[in-house]
Amino acid sequence: MRPFTYERAADALSAVKAVAENPGAKFLAGGTNLLDLMKLDIERPTHLVDVGRLPFAGVEEVNGGLRVGGAMVNSKLAAHPRVRELYPVLVRALVSGASGQLRNKATTAGNLLQRTRCAYFYDTTKPCNKRQPGSGCSALEGVHGSHDAIFGASKACIASHPSDMAVALTALGASVETLTPSGASRTLAVQDLHRLPGDTPQVETDLAPGELITAVLLPPPPEGGQVYRKVRGRASYAHGIASVAVAGGRVALGAVAHKPWRAAHIEDALAAGASAVEAAEAELSKADRSDRNALKISLVGRLAAAAIEESKTRRTA
């Protein structure tokens, strides 16, 4: 691990200014992703600003929904009575993530900002445009694994986003509340937070330098069932091969793109009276198909159809 300096933020505004004014600075909260990447020499911050002890760890009711502090840890969020009552899709997504030990440390904001689990991103001996812009994407000609995107990829990057929570939040129509270095706050839909790779896969979100996620805003729960389903290689501490969140009439897919994927074609097909299988096929007809991802595309189709059918009868976590 490379040398770095550290400070514990006294308040949110001083934290965002400290990161904005120092190009080598990063926020630290739970550290479950950042510290691992620092040990692997993938992330190289010169200064860490600890925001984990700022007063952003509560849940409050707002306009029929909930406001969740950015520092709320995943295990406490999943166990919160009102979250369990109103948003079972979010609970199921949270408990599907990583492991119990990591959920006890990982924060709400940090979960949204975790980086890809692509094997080539983690292998510093291989070119990767996310680690070193312009070096190339080893995954394009390499061994394609469960982390490859089937929507929205580019020649610069075919990695997928690993967050389970972000998929559920996208299906729920949630937003993030942020604080900018100027002291202003803004609200951004979760489905608009992350960027597709294009030619700049190293730029993963639309947050400005130093902008801090202070809360997640959950709208009133939708009418209809809520379901989260995930397929992964083992039952714990594993990124999904594919996942799907259903919340009323909204559907989002996970591990299929550089960002949580709002399945608009599924939603439109269901609204028009299509069956769950037909709706899934409508979405996957737009997938980036190759000889190597046929299994994943088939898996996503079956998983999405099963989750939609389950949502017709299920409403509790």
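Below, all heavy atoms of this structure are taken into account, side chains as well, without hydrogens, waters or symmetry copies.
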Going through the checks in order, is the side-chain contact (heavy atoms from CB on, under 4.5 Å) test met by Met165 and Leu112? CA-CA 7 Å; Met165 185 183 74; Leu112 291 172; 3.7 Å; yes
Starting from [Y], can I reach [X] by hopping between I/L/V/M/F/W/Y residues whose side chains sit under 4.5 Å apart?
X: Leu218; Y: Val246; result: no
X: Tyr6; Y: Leu34; result: yes
X: Val176; Y: Val16; result: no
X: Leu35; Y: Phe4; result: yes
X: Val300; Y: Tyr228; result: no

As an exercise, state the distance from [atom1] of [X] to [atom2] of [Y], rounded to the nearest 0.5 Å.
X: Ile150; Y: Lys286; atom1: CD1; atom2: NZ; answer: 14.0 Å
X: His80; Y: Leu86; atom1: NE2; atom2: CG; answer: 10.0 Å
X: Leu179; Y: Leu54; atom1: CG; atom2: CG; answer: 10.0 Å
X: Leu102; Y: Asp36; atom1: CG; atom2: CG; answer: 8.0 Å
X: Arg2; Y: Thr46; atom1: CZ; atom2: OG1; answer: 11.5 Å

Distance-minimising heavy-atom pair for [X] and [Y]:
X: Ala247; Y: Val89; answer: CB-CG1, 4.4 Å
X: Gly136; Y: Asn129; answer: N-OD1, 2.7 Å
X: Ala279; Y: Ala274; answer: N-CB, 4.3 Å
X: Cys157; Y: Pro201; answer: CB-CB, 3.4 Å
X: Leu196; Y: His258; answer: C-ND1, 4.0 Å
X: Leu77; Y: Met72; answer: N-CE, 3.8 Å

Check this for me, if you would: do [X] and [Y] make a salt bridge, where the nitrogen-to-carboxylate-oxygen distance has to be below 4.0 angstrom?
X: Lys312; Y: Glu309; result: yes
X: Asp148; Y: Lys296; result: no
X: Glu211; Y: Arg186; result: yes
X: Glu43; Y: Lys26; result: yes
X: Glu61; Y: Arg67; result: no
X: Arg250; Y: Glu267; result: no

Just wondering, more than 12 heavy atoms not from [X] lying within 6.0 Å of its [atom1]?
X: Asp199; atom1: CG; value: no
X: Leu295; atom1: CG; value: no
X: Gln132; atom1: CD; value: no
X: Asp11; atom1: CG; value: yes

Between [Y] and [X], is there a side-chain heavy-atom distance shorter than 4.5 Å?
X: Val203; Y: Thr200; value: yes
X: Asn74; Y: Thr107; value: no
X: Leu207; Y: Leu113; value: yes
X: Leu28; Y: Val51; value: no
X: Thr5; Y: Leu48; value: no
X: Phe27; Y: Asp50; value: no
X: Lys130; Y: Glu204; value: yes
X: Leu284; Y: Arg289; value: yes

For a side-chain contact (heavy atoms from CB on, under 4.5 Å) check, start with the C-alpha distance between Thr178 and Leu188, then their side-chain angles and the critical distance, and finish with the verdict. CA-CA 8 Å; Thr178 72; Leu188 183 66; 5.6 Å; no
In this structure, is the centre-to-centre distance between the rings of His194 and His161 below 6.0 Å? yes
Side chain of [X], backbone of [Y]: donor and acceptor closer than 3.5 Å?
X: Ser243; Y: Ala255; result: no
X: Thr214; Y: Glu177; result: yes
X: Thr313; Y: Glu310; result: yes
X: Glu283; Y: Leu253; result: no
X: Thr116; Y: Cys118; result: yes
X: Lys126; Y: Ser138; result: no
X: Asn33; Y: Arg115; result: yes
X: Ser154; Y: Gly198; result: yes
X: Arg103; Y: Gly97; result: yes
X: Arg131; Y: Tyr120; result: yes

Distance alone, cut at 3.5 Å: any donor-acceptor contact between the side chains of [X] and [Y]?
X: Gln114; Y: Asn111; result: yes
X: Asp164; Y: Ser96; result: no
X: His47; Y: Glu7; result: yes
X: Ser298; Y: Arg302; result: yes
X: Trp261; Y: Gln191; result: no

CA sep, side-chain torsions, deciding dist, call: Phe121, Leu37, side-chain contact (heavy atoms from CB on, under 4.5 Å): CA-CA 10 Å; Phe121 173 72; Leu37 294 176; 4.0 Å; yes
Kindly determine whether Thr108 and Ile213 satisfy side-chain contact (heavy atoms from CB on, under 4.5 Å), including the steps that lead there. CA-CA 9 Å; Thr108 297; Ile213 296 176; over 6 Å; no
